[in-house]
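Lettering follows sequence order; numbering is per chain, from 1.
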Amino acid sequence: MGIHVYNTLTRKEEPLELISPGKVSIYVCGPTVYDDPHLGHARPAVVFDVITRYLKAQGHAVTYVRNLTDIDDKIIEKARQQNRDFKTLGGHYANRYHEAMRRLNVAAPDAEPKATDHILHMRDFISKLIQRDHAYQSRGNVYFAVESFKNYGRLSRRTVPSISSNFSVEQGKRHPADFALWKEAKPEEPSWASPWGSGRPGWHIECSAMSSRLLGENYDIHGGGADLVFPHHENEIAQSESLFGKTPANYWMHNGLVYIAGEKMSKSLGNALNLHGLLEIHRPEALRLFLLTKHYRHPMEVTHPALHEASARLSKLYRFLFRSAWSDAESGELGINRGALWTRFCNAMGKDFNFPMALSVLFEGIRQVNLVSGNSRDAVGADPACRAISLVSDIFFICRDVLGIAPEPSMDAWPYETETKLSDGKLQTATFRRAS
RNA sequence: GGCGGCAUAGCCAAGUGGGAAGGCAGUGGUCUGCAAAACCACUAUUCCCCGGUUCGAAUCCGGGUGCCGCCUCCA
């Protein structure tokens, strides 16, 4: 089954051609752990979770790396304010992130490198860039020389002069658009020894160092939020390509951002919905479903009705799943051979992972099965039409193994009445609580 | 200023040359002891506006309007 992927690098949808057939290597930018995760963090996590699950369902061996940025200005500042060790603070919020991911049924990545565990590799990376004249030392800082890399600006479609006009000239920089690879330590800041004095790495270098370390100099897919295109991914490409002579990732995938009341959701705007808060009032599967209602590349707006609708859709899905479970058990081995619905689902997923289209296939299938099963509990199992059996089997597989949306084994019915009450009552007060 | 995105029913949202998916909400019906669930029917002669190309456009081209993002930390 062919898969086409929209590549930010070329601004085109391209057939996914793997470096090594049957194997997919993916690197996705994870969060900076200085606060609780918000809904915006859940989007790339869920999107790439479903993508990797799908690739696995297609029979690919997937190596999925998602990093954790555990040293940066905001972490240092917050640790200072709270008079805590930056490691302790980062560890706390990493746990909070993991807890939210676990509740959302986001599968753990194969590797989750932390920046502070790879300082050595970053120093090594920077040294090599200096040796090749792509970087230079200025006092205790090291900067990447943007003009040394001819493709700079390719990903974000910018030119060095156009970028430069927006940068203030900093002391010690040769060019206004040059960016820091290594930052000289200020007093009382966490720091590591280096050939350039004690300091800490710049943000972008961690992804170059860790991705090359874990996935090699050239891997298949790099993902992240659309707001990372510039400067983060642009700089990452500059670093990696300068050193290895090729783009680190063949496909650059960027998920659209989550908006609320017309504004981008972000900590700095103070409008972020705390994931833990949301999870108190919405089933995690409803949140997953919500995040899949729009194509991953487009920006999406979060509203009360939209969240409510996701719950309603989940109810419809779960009612179906519970109703069909009996016949599934009775009909013996299901889920080995995939049927026509799976094919249609794959057709949708092959179009740059068109989740809404794929979900429409799912719900259409549900209606078809409901149509033949009528009101009887076990009509599906009893129905001589193998087609319905095949549909049910495919729907089960898709929900559980690809979408990551399945009822807990302990549940034996879907308490939809509870869900209805929830939607009316607690939403208003609890949903849009601001993240702390 | 530079670069980019979006505009489809009451709402959410697919569809990028030839049948306007799917979901939510609503109305009517079937079923049911009543409900619920489920199903059926109805709900966009038309896809922001104007022009063009074409036998044919939501879809391509030109122009316009509106909203938004990136260019500083950001998923």
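Remark: B/A14 base-pairs with no nucleotide; criterion is Watson-Crick or G-U wobble with both hydrogen-bond distances under 3.5 Å. In this entry B/A20 has no Watson-Crick or G-U wobble partner, no candidate having both defining distances under 3.5 Å. Under the Watson-Crick and G-U wobble criteria, each requiring two contacts below 3.5 Å, nucleotide B/C34 is left unpaired. Base pairing of B/C60: its partner is B/G52, meeting the Watson-Crick or G-U wobble criterion (both donor-acceptor distances under 3.5 Å). Under the Watson-Crick or G-U wobble criterion, with both distances below 3.5 Å, B/C6 is paired with B/G66. Here B/A41 sits opposite B/U27 as a Watson-Crick or G-U wobble pair (both hydrogen-bonding atom distances under 3.5 Å).
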**Q.** Worked check of side-chain hydrogen bond (donor to acceptor under 3.5 Å, both in side chains) between A/E236 and A/S240
**A.** CA-CA 6 Å; A/E236 203 180 319; A/S240 294; 5.6 Å; no
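For A/F179 and A/H204, the ring centers sit closer than 6.0 Å to each other.
For A/R297, no side-chain nitrogen or oxygen approaches OP1 or OP2 of B/G5 to under 4.0 Å. Contact between the side-chain N/O atoms of A/K294 and the OP1/OP2 oxygens of B/A13 is found at a separation under 4.0 Å. Applying the 4.0 Å criterion to OP1 and OP2 of B/C40, one finds that A/R367 has a side-chain N or O inside that range.
Comparing B/G23 with B/G17, their P atoms sit 25 Å apart, to the nearest whole Å. With both ends at atom P, the span from B/C68 to B/A35 equals 48 Å, rounded to whole Å. Look at the P atom in both B/C49 and B/A9: the space between them is 11 Å, to the nearest Å. Going from the P atom of B/C50 to that of B/C12 covers 23 Å, rounded to whole Å. Nucleotides B/G19 and B/A37 are separated by 35 Å at their P atoms, to the nearest Å. The gap from the P atom of B/C42 to that of B/G5 amounts to 38 Å, rounded to the nearest Å. Separating the C1' atom of B/C31 from that of B/C39 is a span of 9 Å, rounded to the nearest Å.
Looking at heavy-atom distances under 4.0 Å, A/H295 makes contact with sugar-phosphate atoms alone, never a base. Among the atoms of the strands shown, base atoms are found under 4.0 Å from some heavy atom of A/P356. Residue A/N354 is in sugar-phosphate contact alone, with no base atom involved, counting any heavy-atom pair closer than 4.0 Å across all strands shown. Using a 4.0 Å heavy-atom cutoff across all strands shown, A/V258 reaches at least one base atom of the nucleic acid. A/H254 comes within 4.0 angstrom of nothing in the nucleic acid, heavy atoms only. Within the 4.0 angstrom heavy-atom criterion, base atoms lie near A/G40. Within 4.0 Å (heavy atoms only), A/T32 reaches sugar-phosphate atoms of the nucleic acid but no base atom.
Considering only heavy atoms from C-beta on, A/L275 stays 4.5 Å or farther from A/R103 through its side chain.
For the 3.5 Å distance criterion, the side chains of A/Y54 and A/Q58 qualify, holding a donor opposite an acceptor. Side-chain contact check for A/Y318 and A/E285: at least one donor-acceptor pair (N or O, by modelled atom type) lies under 3.5 Å. Using modelled atom types and a 3.5 Å distance limit, the side chains of A/T293 and A/R313 yield no donor-acceptor pair.
A/H233 and A/H222 have perpendicular rings, their planes meeting at more than 60° on a 0 to 90° scale where under 30° would count as parallel.
Because its NZ or CZ atom is both nearer than 6.0 Å to the ring centre of A/F230 and within 45° of the ring axis, A/R158 counts as a cation-pi partner of that residue.
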Review item, nucleotides 68-70 of chain B N/O atoms under 3.5 Å of protein N/O:
unit_1, atom_1, unit_2, atom_2, d
B/C70, OP1, A/K264, NZ, 2.8
B/C70, O2', A/R158, NH2, 3.2

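Checked by distance alone, A/E364 brings no side-chain donor or acceptor within 3.5 Å of a matching partner on the base of B/G22.
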